[in-house]
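Report on the structure given below.
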Amino acid sequence: MTYLGCTGHQSLTRGTRRRIAAAISKEVASSTDDLVGLTSLAEGADQMFAYTILAAGGELHVIVPSEDYDRSFQSDSARIQYNALLELATRVTSLPFEAPSEEAFLAAGHAVADASDVLLAVWDGQEAEGKGGTGDIVAYGRDRGLDVRVIWPPGSERG
């Protein structure tokens, strides 16, 4: 069993989403083991990763950062996808935060990294914009000696 985690940017251009989806699919397809995907199902990279894991026949383990996490989504579409993916999860772990916050997002990112054999990072290499952003989780994973694989194909842009 391979535990494959994901951290990544939420806002990506349409063309970048296509490139990222292809790169995630390639990473998932290269695994010869049964897969468990770990994610918080944030908009963008996390949700694309979750769909790819499920399409490949893997299990989905969701780390929910806080109560009312779904209220943190910017769009109705992302919220709907979050709830649909949550229903498809094999396992859900809810962290003990009362509301969405940077501390909750950081704790969720750490939990994803801690439970992963490999961490896929849809990351442009920039510092995190807020506590618990992609850059923070990449640094955390690397500091722990985790196999962190950055996915940022040429031409990719944040939206």
Side-chain angles (χ1 to χ4, degrees), residues 1-12 16-17 19-67 69-70 72-73 78 82 85-86 88-154 156 158:
M1 187 77 62
T2 298
Y3 292 85
L4 186 62
C6 183
T7 185
H9 298 308
Q10 294 182 26
S11 181
L12 303 165
T16 296
R17 285 178 178 266
R19 288 187 283 281
I20 298 296
I24 290 173
S25 293
K26 186 175 179 181
E27 284 286 341
V28 168
S30 70
S31 178
T32 57
D33 295 334
D34 290 337
L35 287 175
V36 175
L38 296 118
T39 176
S40 293
L41 295 179
E43 184 171 357
D46 282 18
Q47 290 184 2
M48 290 188 317
F49 169 79
Y51 282 117
T52 303
I53 289 291
L54 292 170
E59 295 180 14
L60 189 59
H61 178 179
V62 178
I63 308 291
V64 179
S66 68
E67 293 179 29
Y69 175 55
D70 60 340
S72 69
F73 289 93
Y82 164 77
L85 287 164
L86 194 62
L88 296 172
T90 305
R91 183 172 172 205
V92 177
T93 301
S94 297
L95 299 185
F97 292 88
E98 291 184 16
S101 66
E102 289 185 348
E103 289 76 22
F105 301 151
L106 180 64
H110 286 179
V112 167
D114 288 342
S116 297
D117 298 314
V118 175
L119 181 67
L120 299 184
V122 177
W123 184 48
D124 62 4
Q126 301 298 311
E127 297 271 328
E129 290 181 4
K131 188 176 182 181
T134 306
D136 289 342
I137 306 311
V138 168
Y140 177 82
R142 287 178 172 166
D143 286 348
R144 293 185 144 318
L146 185 61
D147 180 1
V148 177
R149 299 179 188 171
V150 175
I151 295 175
W152 197 252
S156 294
R158 292 176 73 170

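Scope of the values below: all heavy atoms of this structure, side chains included, with no hydrogens, waters or symmetry mates. Along the sequence shown, residues are numbered consecutively beginning with 1.
In this structure, K26 has no salt bridge (Lys or Arg N to Asp or Glu O under 4.0 Å) partners at least two apart in sequence or on a different chain. Among residues two or more places apart in sequence or in another chain, the salt bridge (Lys or Arg N to Asp or Glu O under 4.0 Å) test is passed with D147 by R149.
One finds the CG atom of L88 at 7.5 Å from the CG atom of L60 (value rounded to the nearest 0.5 Å). Taking CZ of R158 as the reference point, atom CD of E129 lies at 4.0 Å (rounded to 0.5 Å). Taken from CG in D124 to OG1 in T16, the straight-line distance is 10.0 Å, to the nearest 0.5 Å. In this structure, the separation between CG on L120 and CD1 on I151 is 4.5 Å, given to the nearest 0.5 Å. Remark: D70 CG to S72 OG distance equals 7.5 Å, nearest 0.5 Å. To the nearest 0.5 Å, atoms CG (D114) and OH (Y140) are separated by 3.0 Å.
Across C6 and L119, no two heavy atoms sit closer than the pair N-CD1, 3.7 Å. The two residues V112 and G5 come nearest to each other via the heavy atoms CG1-CA, 3.9 Å. A45 and I24 make their closest contact through O-CD1, 4.3 Å (heavy atoms, listed as atom of the first residue, atom of the second, distance). Among all heavy-atom pairs drawn from S66 and P100, the shortest one is OG-N, 3.1 Å. Of all non-hydrogen atoms in A50 and T39, the two that sit nearest each other are CB-CG2, 4.4 Å. A113 and L146 get closest at one heavy-atom pair: O-CD2, 3.6 Å.
Looking at D117, its side chain does come within 3.5 Å of a backbone N or O of Y3 through a donor-acceptor pair. One N or O on the side chain of S30 and one on the backbone of E27 form a donor-acceptor pair closer than 3.5 Å. No side-chain donor-acceptor contact under 3.5 Å links E43 to the backbone of F73.
L85 places a side-chain heavy atom less than 4.5 Å from the side chain of L54. In this structure the side chain of M48 never reaches within 4.5 angstrom of the side chain of V122, judged on heavy atoms. Two residues are said to be in side-chain contact when any heavy atoms from C-beta on lie closer than 4.5 Å; L41 and I63 fail this criterion. W123 places a side-chain heavy atom less than 4.5 Å from the side chain of H9. The side-chain heavy atoms of V92 and V64, taken from C-beta on, include a pair separated by under 4.5 Å. No side-chain heavy atom of M1 sits less than 4.5 Å from a side-chain heavy atom of D33.
Shown here is R91, whose CZ atom has no more than 12 heavy atoms of other residues, nucleotides or ligands within 6.0 Å. By the neighbour-count criterion of 12 heavy atoms within 6.0 Å, atom CD of E103 is densely surrounded, having more than that number from other residues, nucleotides or ligands.
Across V138, I137, D136, a single residue satisfies side-chain contact (heavy atoms from CB on, under 4.5 Å) together with T134, and that is V138.
Side chain to side chain, S40 and D46 fail the donor-acceptor criterion of an N or O pair below 3.5 Å.
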Could you please spell out the steps behind the side-chain contact (heavy atoms from CB on, under 4.5 Å) verdict for F97 and F105? CA-CA 10 Å; F97 292 88; F105 301 151; over 6 Å; no
